[in-house]
S.K.: 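Could you have a look at this structure, given as structure tokens, before my questions?
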Amino acid sequence: MRGLAIADLDALRRKIAALEKRPVLAEGAAVAAQRPGRPVAANDTRPRVEELLAIPPGVLHEVFVDEQRNGTAGLGFALGLARGLIGGGRQAILYLQLAEQAQEMGVPYALGLQRFGIDPDKLILARTNSLTELLWAMEEAVACRAVAGVIADIHGHPKALDFTASRRLSLRSSAGGSSVFLIRYGREREASAAKLRWRIEPELSAGQPFDPQAPGPPRYLVEIEKRRLAGKTARAETMRLTLDWTENGFVPAEDGSRTGQSYAAPAPRPVVAALGDRYAQAG
Amino acid sequence: MKLMAVDAAASKAGLAPGQNLSDARALVPDLEVREADRNAFEHVFADFADWHSNASPIVSVLTDVAAYGDLVLDITGVAHLFGGEEKMLEHLVGRLSRLGFTVSGAIADTVGAAWALSHFQPGIIAPDKQRDALADLPVVALRLSDEQVAGLNQMGLKRIGQLYGRPRKALQARFGLSLLLRLDQALGEIEEKITPRIPLAEHFAEQRLAEPIGYLDDVLMMARDLAVRLALRLEAEQIGAQSFHLFLYRVDHKVITLSINAARATRDPAHIAQLFVHRSERLVGEYDAGFGIDMIRLAASSLSPMASTQIGAFETDDGARDLDRLYDRMSNRLGAAALMRSKFVNTHIPERAIKLEPVVARTEDDPEAAPDQTLVRPLRLLPNPEAIEVIAEVPDGPPMRMTWRRIGYRVAKASGPERIDAEWWRSGQNLATILPPQKRGDPRDDEKADKKAKQLPKKPEHVSKLTAFDPMQVTRDYYVIEDDGGRRFWVFRLGLFGTTEAPRWFMHGFFA
């Protein structure tokens with residue numbers, strides 16, 4: 001009964017939004033995304049996105065992107081996962097990078113982080129001169145019980161980061177309870193002790209609700225290549241998801257949205273707050 | 001060219017510092033001459049001076065007279081540690097002479113008197129006796145310039161004693177104020193301040209070693225012991241410190257300094273010792289104990305009050321402490337500049353709106369710099385924008401195709417432009433300071449002139465040669481573009497069509 005009411009309410013909201021030519025209210029969209037009565041194909045046995053992305057802390061992730069120019073998509077995805085780990089006594093995310101790669105890859109930008117939904121004060125940038133130092137810094141940070149996540153940009157297939165090193169990191173991470181995200185580049189895969197291996201590819205976004213020609217919320221094609229979490233068996237086949245990054249976190253991209261027909265993507269919450277009353281007139 | 005210093009053999013041959021090089025060559029044809037490297041001298045001498053901080057905390061180098069300096073120690077309240085002033089002087093001078101240096105030293109109430117004595121009559125002046133002791137010394141001993149000395153000699157004033165009763169006004173008129181100043185300083189009527197080379201540390205712990213040590217591990221162990229002692233002292237005074245400095249005094253007159261910084265005031269000996277261990281790992285190549293280290297001092301600076309607390313009982317566990325410790329460890333191993341946080345700056349120029357500052361040297365946030373959250377900004381910014389080639393449909397429209405790092409991109413979606421102007425308050429600023437004040441004439445003429453000036457600002461001739469700061473040239477139009485693969489970029493066009501000769505395109509950041 002209650003589910004039906006929410007569905008009705010949502011339908012009404014859409015109708016009103018269509019009449020007023022402005023975006024559907026954010027909470028409406030969020031509810032719509034999670035509502036139980038969502039049309040799901042009967043033979044769809046895929047696990048829910050929320051389940052797939054609900055990863056306990058203290059896990060070593062590898063986030064692969066095919067090319068260096070896709071690196072920011074990898075960073076975005078890692079930050080998206082790491083954001084959920086902040087809380088309680090864990091208030092910091094560390095981003096590690098080799099100092100020489102600052103110009104090559106760019107440096108995380110506080111204003112952009114804020115826009116992305118990460119409090120810039122919580123992200124600390126560490127730039128080291130060598131990979132050995134970077135690995136040391138990573139281990140040191142993982143062992144700290146106030147660090148939520150450690151994200152490191154690692155190019156190529158360095159010797160220093162072999163199976164032993166990744167095993168060490170993985171053990172330290174599960175002992176310390178903060179997650180590690182290694183952003184890796186290329187299509188080669190080597191043996192590693194990472195519990196999860198993702199492959200991220202940026203996808204053409206859905207466009208803004210009233211301007212299909214403008215880039216919309218970031219969309220990623222996410223492949224889970226490896227998933228070894230406690231109590232769950234590894235899956236033989238890789239899983240593919242298409243996710244949008246919105247203010248509610250990762251939301252499955254709805255079919256047909258590529259043509260711009262999807263529900264309006266809510267603007268990030270800080271925007272709504274900053275616009276205040278003007279938001280109503282924004283459409 | 002003049003001789004600056006001569007060795008024993010040369011002085012036997014009749015050469016002396018201050019002599020012309022050609023004269024010296026005439027006297028000793030096979031003279032071996034090296035050009036003085038003043039910088040190197042000063043460095044070596046400064047090292048030397050630092051090392052003497054093991055005798056007294058206030059060490060300074062007077063550079064106004066000698067080529068590379070005169071070493072000055074303030075030994076107030078120190079001499080008794082050496083068994084009296086005579087013994088201290090003997091000890092310090094003797095140690096240097098044993099190493100093969102020519103040294104002369106003196107102890108007096110004032111810097112000026114000590115200088116005079118050490119150069120002309122090494123010894124010790126009893127308190128308040130400098131007037132008599134200096135009377136027979138030549139006027140050069142007052143640290144005067146050559147002209148002043150020549151002038152004084154010409155007048156027959158050769159000894160300092162002859163200056164005592166002279167009318168001051170006449171002396172000042174003839175030889176300048178500096179003569180009186182030097183005289184008063186030497187006699188103790190005006191206090192002469194010396195600038196200590198090593199900042200004065202009120203809180204330190206030190207250990208003299210009977211047998212010099214060399215291994216880094218031993219040094220670090222000593223540092224740990226000193227940290228415990230220092231911590232007790234800091235705790236008694238209810239203070240903590242953010243910076244700690246470890247001075248290692250080598251037997252052969254060199255000081256090795258290791259400094260660490262903590263993100264917040266601390267006095268936990270284990271933490272301090274740990275930071276020095278991390279700091280020392282960054283040092284391996286530079287560490288050279290020479291013939292050994294015979295004294296170690298640990299000093300604390302950047303002090304702040306810190307109440308004594310019972311550890312663990314009533315602490316709120318918000319993790320901030322753990323984080324600070326982590327930052328300390330990482331910064332001291334990797335360098336303070338390795339660990340940065342973002343700080344907002346009150347400007348709208350994207351690359352200047354964020355300043356990276358070391359986590360351990362955190363400064364107050366500027367409340368006015370809080371950014372506008374509605375702005376679309378990339379997740380990563382390139383420190384230096386990279387030039388790209390762009391084809392746009394219309395000259396001032398969004399790009400259609402782009403070449404960046406030799407790869408072509410087809411733009412599928414674009415939004416913008418967001419125009420970011422130069423900071424208007426800087427526009428024309430350099431001109432405003434140069435423009436001469438307007439002449440006041442007939443008020444009506446003035447009005448006309450004003451109107452004209454507004455239409456066409458007339459520049460004085462010398463200004464036209466300067467490049468004026470033109471905000472039009474550096475106006476940027478930013479676009480968010482997405483290529484057909486979903487990669488999102490932040491690009492901008494520099495300059496405006498019409499006013500700029502050829503607007504150029506740049507890549508400035510990447511969206512997630």
Side-chain angles (χ1 to χ4, degrees), chain A residues 69-73 75-77 79-80 88-92 99 102-103 105-116 120-121 123-129 133 136-137 140-141 144-147 201-205 207-208 211-216 218-220 245 270-271 273-275, chain B residues 317-327 329-330 333-335 337-344 350-351 353-354 356 359 365 371-384 386 398 404-405 407 412-416 480-488 490 508-512:
Chain A
R69 54 190 180 147
N70 296 352
T72 313
L75 176 67
F77 182 75
L79 278 174
R90 297 185 180 274
Q91 289 295 330
Q103 178 63 34
M105 297 304 301
V107 177
Y109 183 51
L111 288 168
L113 287 167
Q114 198 167 38
R115 173 84 187 176
F116 193 72
D121 222 27
L123 190 91
I124 301 296
L125 311 179
R127 288 186 284 178
T128 64
N129 291 322
E133 278 183 354
W136 174 86
E140 205 57 30
C144 178
R145 59 192 186 90
V147 171
E201 209 178 302
E203 275 272 288
L204 198 61
S205 69
Q208 299 285 357
D211 184 6
Q213 280 313 303
R219 174 167 293 184
Y220 308 107
W245 173 255
V271 176
L275 279 176
Chain B
D317 188 15
D318 60 349
R321 232 173 94 102
D322 290 286
L323 271 186
D324 281 340
R325 297 249 155 135
L326 174 71
Y327 298 155
R329 283 200 302 274
M330 290 176 71
R333 161 93 183 245
L334 307 172
L339 214 60
M340 307 292 245
R341 68 178 277 262
S342 311
K343 190 183 166 185
F344 294 112
E351 64 269 29
I354 299 295
L356 293 181
V359 179
D365 281 327
D372 181 357
Q373 300 191 329
T374 56
L375 296 176
V376 180
R377 289 290 179 270
L379 199 54
R380 293 205 218 218
L381 195 76
L382 282 174
N384 300 309
E386 290 176 11
W404 171 58
R405 289 182 184 170
I407 299 177
K413 288 190 164 79
S415 72
V480 182
I481 59 170
E482 185 173 339
D483 83 335
D484 43 12
R487 288 172 275 265
R488 280 167 286 268
W490 206 40
H508 205 183
F510 318 108
F511 289 88

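By convention in this document, chain letters (A, B, ...) are assigned in the order of the sequence lines, proteins followed by strands, and residues within each chain are numbered from 1. Fair warning: this is a prediction, and the values are worked out from it, not measured in the lab.
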S.K.: Out of Q103(A), E133(A), M105(A), which one racks up the most heavy-atom pairs below 4.5 Å with chain B?
M.R.: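 Highest number of pairs under 4.5 Å: Q103(A).
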S.K.: Could you tell me which non-hydrogen atom of A102(A) sits nearest to which non-hydrogen atom of P383(B), and how far apart they are?
M.R.: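 That would be O-CD, 3.5 Å.
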S.K.: Between S205(A) and E482(B), which heavy-atom pair has the shortest distance, and what is it?
M.R.: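 Shortest heavy-atom separation between S205(A) and E482(B) comes out as N-OE2, 2.5 Å.
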S.K.: Can you tell which part of F77(A) gets under 4.5 Å to a heavy atom of chain B, answering side chain, backbone, both or neither?
M.R.: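 Contact with chain B involves no heavy atom of F77(A) at all.
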S.K.: What is the distance from atom CG of L123(A) to atom CZ of R341(B), rounded to the nearest 0.5 Å?
M.R.: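 Spacing of CG (L123(A)) from CZ (R341(B)) equals 12.0 Å.
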S.K.: Is there a donor-acceptor pair under 3.5 Å between the side chain of Y109(A) and the backbone N or O of P350(B)?
M.R.: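 Side chain of Y109(A) to backbone of P350(B): a pair is present.
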S.K.: Does Y327(B) have any ring pair (Phe, Tyr, Trp, His ring centres under 6.0 Å) partners at least two apart in sequence or in another chain, and if so, which?
M.R.: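 Applying ring pair (Phe, Tyr, Trp, His ring centres under 6.0 Å) to Y327(B) gives none.
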S.K.: To the nearest 0.5 Å, tell me how far E140(A) CD sits from R325(B) CZ.
M.R.: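 Here the rounded value is 13.0 Å.
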S.K.: Is Q213(A) close to P398(B) at the side-chain level, that is, under 4.5 Å between some pair of heavy atoms?
M.R.: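 P398(B) vs Q213(A): side chains apart.
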S.K.: Is chain A contacted by the side chain of V480(B), its backbone, both, or neither, given a heavy-atom distance below 4.5 Å?
M.R.: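 Both backbone and side chain.
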S.K.: Report yes if some heavy atom in the side chain of L379(B) is under 4.5 Å from a heavy atom in the side chain of L113(A); otherwise report no.
M.R.: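 Touching, per the 4.5 Å side-chain cut-off.
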S.K.: Kindly give the heavy-atom pair with the smallest separation between T72(A) and F511(B), and that separation in Å.
M.R.: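 Where T72(A) meets F511(B) most closely, the heavy atoms are CG2-O, 3.4 Å.
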S.K.: So how far is it from E201(A) CD to R487(B) CZ, rounded to the nearest 0.5 Å?
M.R.: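 E201(A) CD to R487(B) CZ: 8.0 Å, rounded to 0.5 Å.
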S.K.: Answer whether the closest heavy-atom distance between the side chains of R377(B) and F116(A) falls below 4.5 Å.
M.R.: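 No. Closest side-chain heavy atoms not under 4.5 Å.
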S.K.: Taking every non-hydrogen pair under 4.5 Å, which of L334(B), L381(B), N384(B), L382(B) racks up the most with chain A?
M.R.: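 Top count of heavy-atom pairs under 4.5 Å with chain A: L381(B).
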S.K.: Is there a side-chain contact between Q208(A) and K413(B), using heavy atoms and a 4.5 Å cut-off?
M.R.: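 No, their side chains stay 4.5 Å or more apart.
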S.K.: Indicate the atoms forming the closest heavy-atom contact of R333(B) with W136(A), along with that distance.
M.R.: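 Smallest interatomic distance, heavy atoms only, reads NH1-NE1, 3.1 Å.
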S.K.: Taking side chain as everything from C-beta outward and backbone as N, CA, C, O, which of these in R405(B) sits under 4.5 Å from a heavy atom of chain A? Side chain, backbone, both or neither.
M.R.: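 Just the side chain, heavy atoms under 4.5 Å.
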S.K.: Identify, with sequence neighbours excluded, every residue that meets ring pair (Phe, Tyr, Trp, His ring centres under 6.0 Å) alongside F510(B).
M.R.: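 For F510(B) the ring pair (Phe, Tyr, Trp, His ring centres under 6.0 Å) partners, ignoring immediate neighbours, are W404(B).
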S.K.: Indicate the atoms forming the closest heavy-atom contact of G71(A) with R380(B), along with that distance.
M.R.: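 Minimum heavy-atom contact is O-NH2, 3.4 Å.
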S.K.: Quick one: CD1 on I124(A) to OG on S342(B), what's the gap to the nearest 0.5 Å?
M.R.: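 Interatomic distance, I124(A) CD1 to S342(B) OG, rounded to 0.5 Å: 7.5 Å.
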S.K.: Please name the pair of heavy atoms, one in A141(A) and one in L326(B), separated by the smallest distance, quoted to 0.1 Å.
M.R.: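 In terms of heavy atoms, the two residues are closest at CA-CD1, 3.7 Å.
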S.K.: Evaluate the side-chain proximity of R127(A) to L356(B): yes if any heavy-atom separation is below 4.5 Å, no if none is.
M.R.: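 A side-chain contact exists here, since the closest heavy-atom pair is under 4.5 Å.
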S.K.: Chain A heavy atoms under 4.5 Å from R488(B): which part of the residue, side chain, backbone, both or neither?
M.R.: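 For R488(B), side-chain heavy atoms alone lie under 4.5 Å from chain A.
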S.K.: Rounded to the nearest 0.5 Å, how far apart are CG of D322(B) and CD of Q91(A)?
M.R.: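 Those atoms lie 12.0 Å apart.
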S.K.: N129(A) versus chain B, heavy atoms under 4.5 Å apart: side chain, backbone, both or neither?
M.R.: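 No part of it gets close to chain B.
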S.K.: I'd like to check V107(A) versus I354(B) (side-chain heavy atoms, cut-off strictly below 4.5 Å). Are they in contact?
M.R.: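 The answer is no, as the side chains (C-beta and beyond) never meet within the 4.5 Å cut-off.
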S.K.: Under a 4.5 Å heavy-atom cutoff, which of S415(B), G416(B), A414(B) has the most pairs with chain A?
M.R.: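 Most heavy-atom pairs within the cutoff with chain A belong to A414(B).
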S.K.: If you define the side chain from C-beta out and look only at heavy atoms, does anything of R115(A) sit under 4.5 Å from L375(B)?
M.R.: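 Sidechains of L375(B) and R115(A): no contact.
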S.K.: Look up atom CZ in R69(A) and atom CD1 in I407(B), then write down how far apart they are to the nearest 0.5 Å.
M.R.: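 Output value for this atom pair is 5.0 Å.
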